[in-house]
Amino acid sequence: MPIQNMAFPDYSSHASLIFLPHGVRVIAAWLLGWRSVIALLPGVFLAYYYLAGASVFELSRLIGMAVAVVVAPFLFYLARALGWDVAPRSDRKPSWSSIMIIGGLAAVVSSTLTNLAFGSTETE
């Protein structure tokens, strides 16, 4: 968050663009595709529960959880539908630059949608 706050000082944010668990989500989405939603949802729920307690079932938090687990696999699916297949295969090396591009795009989309869910989209 400190780097993001220096780069975007006027952006009120509840979601960081640079967030280590996001990398885990991207790698899981790359490796597992849509199955990553099922694999990651329990951990995302527990993290939200740890931070929010009983209010974890508020609509904004449920949307935040959905965004956290769905955006990366959706973007890998979209990339494949557009002819950019970066899925792991045994007959080729991973294209880490492509994975990083999709991961960066997923960070921006996730952060934007999470901030929309929590109502913090306006600059101050």
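We're numbering straight along the sequence, starting at 1. The structure presented is a predicted model; accordingly, all values stated were derived computationally and were not measured.
Shortest non-hydrogen contact noted between Ser60 and Ala117 is CB-O, 3.2 Å. Nearest approach of Val71 to Ala106, heavy atoms of both residues: CG1-O, 3.8 Å.
The aromatic rings of Trp96 and Trp30 sit tilted relative to each other, their planes meeting at an angle between 30° and 60°. Taking the six-membered ring where the residue is Trp, Tyr77 and Phe74 present tilted rings, their angle falling between 30° and 60°.
Rounded to the nearest 0.5 angstrom, Ser95 OG and Met100 CE are separated by 11.5 Å. With rounding to the nearest 0.5 angstrom, the OG1 atom of Thr114 is 10.0 Å from the CD1 atom of Ile63. Between the CE atom in Met65 and the OH atom in Tyr48 there is a gap of 7.0 Å [rounded to 0.5 Å]. In this structure, the separation between CZ on Phe76 and CD1 on Ile99 is 6.0 Å, given to the nearest 0.5 Å. Expressed to the nearest 0.5 Å, how far CG of Leu113 lies from CZ of Phe118 amounts to 12.0 Å.
Side-chain heavy atoms closer than 4.5 Å link hydrophobic residues (I, L, V, M, F, W, Y) into clusters, and following such links, even through other members, never connects Tyr49 to Ile38. Under the 4.5 Å side-chain heavy-atom criterion for ILVMFWY residues, no single connected hydrophobic cluster contains both Val67 and Tyr50. Transitive grouping of hydrophobic side chains (ILVMFWY, heavy atoms separated by less than 4.5 Å) brings Val109 and Leu82 into a common cluster. Under a hydrophobic-cluster definition in which Ile, Leu, Val, Met, Phe, Trp and Tyr are linked whenever side-chain heavy atoms come within less than 4.5 Å, directly or via other members, Leu51 and Val24 are assigned to different clusters.
Judged by distance alone, with hydrogens and angles left aside, the side-chain atoms of Ser111 form no donor-acceptor pair with the main-chain N or O of Ala107 at under 3.5 Å. Between the side chain of His22 and the main chain of Gly103, a donor-acceptor pair closer than 3.5 Å is present.
A side-chain contact (heavy atoms from CB on, under 4.5 Å) with Arg80 holds for exactly one of Asp85, Val86, Leu75; it is Asp85.
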Item checked: Audit row: Ile102, Val26, side-chain contact (heavy atoms from CB on, under 4.5 Å) steps and yes/no -> CA-CA 8 Å; Ile102 294 171; Val26 170; 5.7 Å; no
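Side-chain rings of Phe45 and Phe57 approach one another, their centers coming within less than 6.0 Å.
Counting heavy atoms from C-beta outward, Arg25 and Ser36 have side chains that stay 4.5 Å or more apart. Ile101 is listed as a side-chain neighbour of Trp84, based on a closest heavy-atom distance under 4.5 Å.
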